[in-house]
Protein chains: 2
Amino acid sequence: MRPASIKDVASHAGVAVGTVSNVLNYPDRVADKTRSRVLDSIAELGFVRNDVARQLRAGQSRTIGLIVLDIGNPFFSSLARAAEDAAADSGNAVVLGNSGHDATRELHYIDLFEEQRVQGVLISPVADITERLRALTQRGTKVILVDSPAGGDTFSSVSVDDVSGGYLATKHLLGLGRRRIAFVAGPQRFHQVRDRLAGATRAVEEVAGATLEVLQADDLTVLAGRGIGDGLVGRDRGSLPDGLFCANDLLALGVMQSLTMLRTLRIPEDVALVGYDDIDFAASAVVPLTSIRQPTALIGRTAVELLTEQLSDPAARPRSVVFKPELVVRASTNG
Amino acid sequence: MRPASIKDVASHAGVAVGTVSNVLNYPDRVADKTRSRVLDSIAELGFVRNDVARQLRAGQSRTIGLIVLDIGNPFFSSLARAAEDAAADSGNAVVLGNSGHDATRELHYIDLFEEQRVQGVLISPVADITERLRALTQRGTKVILVDSPAGGDTFSSVSVDDVSGGYLATKHLLGLGRRRIAFVAGPQRFHQVRDRLAGATRAVEEVAGATLEVLQADDLTVLAGRGIGDGLVGRDRGSLPDGLFCANDLLALGVMQSLTMLRTLRIPEDVALVGYDDIDFAASAVVPLTSIRQPTALIGRTAVELLTEQLSDPAARPRSVVFKPELVVRASTNG
DNA sequence: CGCAAACGTTGAAACGATTCATTAATACGA
DNA sequence: TCGTATTAATGAATCGTTTCAACGTTTGCG
């Protein structure tokens, strides 16, 4: 049996369809008696408004598309949750697309979202798809870049200053008197890794006698971090770094596990350790981890706000919001 | 400027709207020459099919609603990813709703999804909302329960046998010769906690001389686990458990951190430790953690399959799929 | 009492696609 | 050459809303 339509309600209540619509959208325009009669019919028939038809007429949907690199990553799941909260506040829903670092899937979702006439797309792009996104905006779908630096004059964007984060972390190590700094890098194709390294480099250059070594991990995982840690333990004392800055918390936790287990190097006495992201596990690690906090929730919320801004004033110039990361000091640098 | 419609394409190509529709949906019905002319116009005008209108006409959407308890929980984010993958295979998208254990938000999403005429709702319910869900199905929106035991004859469901998981974990500890078992419980309002305890109880009852103690944590977090660990360290040796089964991995990791840091009790020599969920961090803990693996990805995929099943044959009787969890042995019980 | 304003309700048009009965054009065989 | 298939293309109807000009009724005021 087909669900009841507004027409069914109208004939059941003995009024015109326009009146039912008014009851739903402008209750004040309808006389009390009529309104309650219509409401009764709605209840009796179990009528539920068909948002698809409403959207068609309005030419606008109530959904926002969100395309993330990896929903399994706490950074993005937290961001998604915040975006979804913010959207819910204005009665919208978030449709989630997980590109999984795959450019094909990314395009698939962009196509899907455009066909669905979402209000806008919040995207953390895999590759450079500026052209595709520009076409989107030209046809009326707003685009907001997330965790991706600057969309120039074309797109609004929200990101975190990773150079500044890298600087902050390294400066902290230097401030503790450490001079032999090492940066545990992930794959350099991630702009996050490159930027954090750049920040570290700058900090080291500012201090006479400080050196920076780059230890290259081939992944941003706990396992990769362990590999780096195991490598360190094998070295002779003189060549060891005394301050370690890792490209993210997973790497840092891996390094920590390796050192803790082998018990040859103490944290922070022998090596001070700083991570990045401040994931939940950082605070509750064996040695609570000093980290750089990214305001994930704020990023998600801001992305939605930037979109709302674009929607309410289509002529508004795109804005780029860049957040400053924050140093969170814990025992791993504070013995 | 409004995006181009099928009508614009038709007049640009000098054909009727029906022909454009046929080019899009049944290319064979259209002569080669006409088809290419239409395709040219589509490209030139940058036409993108309006899925909203299509859905209205079809009376069916291409979206699936997913309502989870907490997208920040790795269990659910992994599940969501799998569901989204499975949906993508059949050209559908997943709309995500995060209830955050809040019944009001849960209802909000149910309403929203029904108005959007999603094909079906996959839901991990906060409270007992059987009646609301029954109304949904009666109006044609399919419902699949996720990680919730048995929807009876009304709903299909997919879940994991937590009793069996608890039994498995405890049996393993007993098999190692441990006799003084303790279960680190989370809040008993979660059916997962109750079921896992029930399984543990059964296993202990099967072995003469074995005892089961319940240590009540007030949360399912690492921090709560630490509290339990700290409490254990303070005890005198005689009263200590030698086998510890935690309601989830977060608790287990907390306990592990406490014991590792204080170094009074060794894992697994003094206390063997088993967690639950087998989250990514379990394998890479200081002492790799033995755990009970839940097939999250499989759950997500199965939920989508159950939905597809209901959609393709509306008369099909609801099915309940229950997965068996699996024991993953690591160093924390295998010294 | 008469007129204007305010109020409530109506019903048709529109949104953009799909569907399908109908018509037009072409090909084929006798 | 004619009639019949076959193939293409047409365009109106439809999906379920919202919008809005038009209309009828009531109210208020002089």
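In the text below, chain A, chain B and the rest are named by the order of the sequence lines, each starting its count at 1.
- Residue A/Tyr26 places none of its side-chain N or O atoms closer than 4.0 Å to OP1 or OP2 of C/dG8.
- The separation between B/Arg139 atom CZ and D/dG16 atom C1' is 17 Å, rounded to whole Å.
- Taking atom CD of residue A/Gln55 and atom C1' of nucleotide D/dC15, one finds them 14 Å apart after rounding to whole Å.
- Here B/Gly18 lies in heavy-atom contact (under 4.0 Å) with a base.
- Along DNA chain D, the nucleotide nearest B/Val30 and the nucleotide nearest B/Ala58 are compared for position; the residue whose nucleotide lies closer to the 5' end is B/Val30.
- B/Val15 comes within 4.0 angstrom of the backbone, heavy atoms only, and of no base.
- Under 4.0 Å is where a charged nitrogen must lie from a carboxylate oxygen, and between B/Asp32 and B/Arg37 no such pair does.
- Between A/Arg117 and A/Asp28, the residue anchored closer to the 5' end of DNA chain C is A/Asp28, taking for each the nucleotide with the nearest heavy atom.
- Listed nucleotides: D/dA9, D/dT17, D/dT10. Nearest to the side chain of B/Thr34: D/dA9.
- Using modelled atom types and a 3.5 Å distance limit, the side chains of A/Ser157 and A/Ser320 yield a donor-acceptor pair.
- B/Asp32 places its CG atom 10 Å from the P atom of D/dA9, with the value rounded to the nearest Å.
- Within the structure, every side-chain polar atom (N or O) of B/Ser5 is placed at least 4.0 Å from both OP1 and OP2 of C/dG16.
- The number of heavy atoms from other shown groups lying within 6.0 Å of CZ (A/Arg105) is above 12.
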Any chance you could lay out the ring-ring contact (aromatic ring centres under 6.0 Å, His included) test for B/Phe190 and B/His101, step after step, and finish with the verdict? CA-CA 11 Å; B/Phe190 298 135; B/His101 291 276; 5.7 Å; yes
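- For A/Asn25 and D/dT18, the shortest distance from a side-chain N or O to OP1 or OP2 is below 4.0 Å.
- In this structure, the nucleotide among D/dA8, D/dT18, D/dG16 sitting nearest to the side chain of B/Ala31 is D/dA8.
- As a whole-Å value, the separation of A/Asn50 CG from D/dT17 P is 5 Å.
- Around atom CZ of A/Arg319, no more than 12 heavy atoms belonging to other residues, nucleotides or ligands sit under 6.0 Å away.
- Regarding A/Lys7, its NZ atom lies at a distance of 13 Å from the P atom of C/dG11, rounded to whole Å.
- Within the structure, every side-chain polar atom (N or O) of B/Thr19 is placed at least 4.0 Å from both OP1 and OP2 of D/dA9.
- For B/Arg49 and C/dT18, the shortest distance from a side-chain N or O to OP1 or OP2 is below 4.0 Å.
- Between the side chain of B/Arg57 and the base of C/dT18 there is at least one donor-acceptor pair of N/O atoms closer than 3.5 Å.
- The interatomic distance linking A/Lys33 (NZ) with D/dT26 (P) rounds to 11 Å, in whole Å.
- Distance from the side chain of B/Arg54 is smallest for C/dA17 among the nucleotides C/dT9, D/dA9, C/dA17.
- A donor-acceptor pair shorter than 3.5 Å can be found between the side chains of B/Gln192 and B/Asp147.
- Rounded to a whole Å, the CG atom of B/Asn22 is 13 Å from the C1' atom of D/dT7.
- Closest to the side chain of B/Leu56, out of D/dA9, C/dA17, D/dC15, is D/dC15.
- Nucleotide D/dC15 holds its C1' atom 15 Å from the CG atom of A/Asp51, rounded to whole Å.
- In terms of phosphate contacts, A/Ser21 brings no side-chain nitrogen or oxygen within less than 4.0 Å of OP1 or OP2 of D/dT17.
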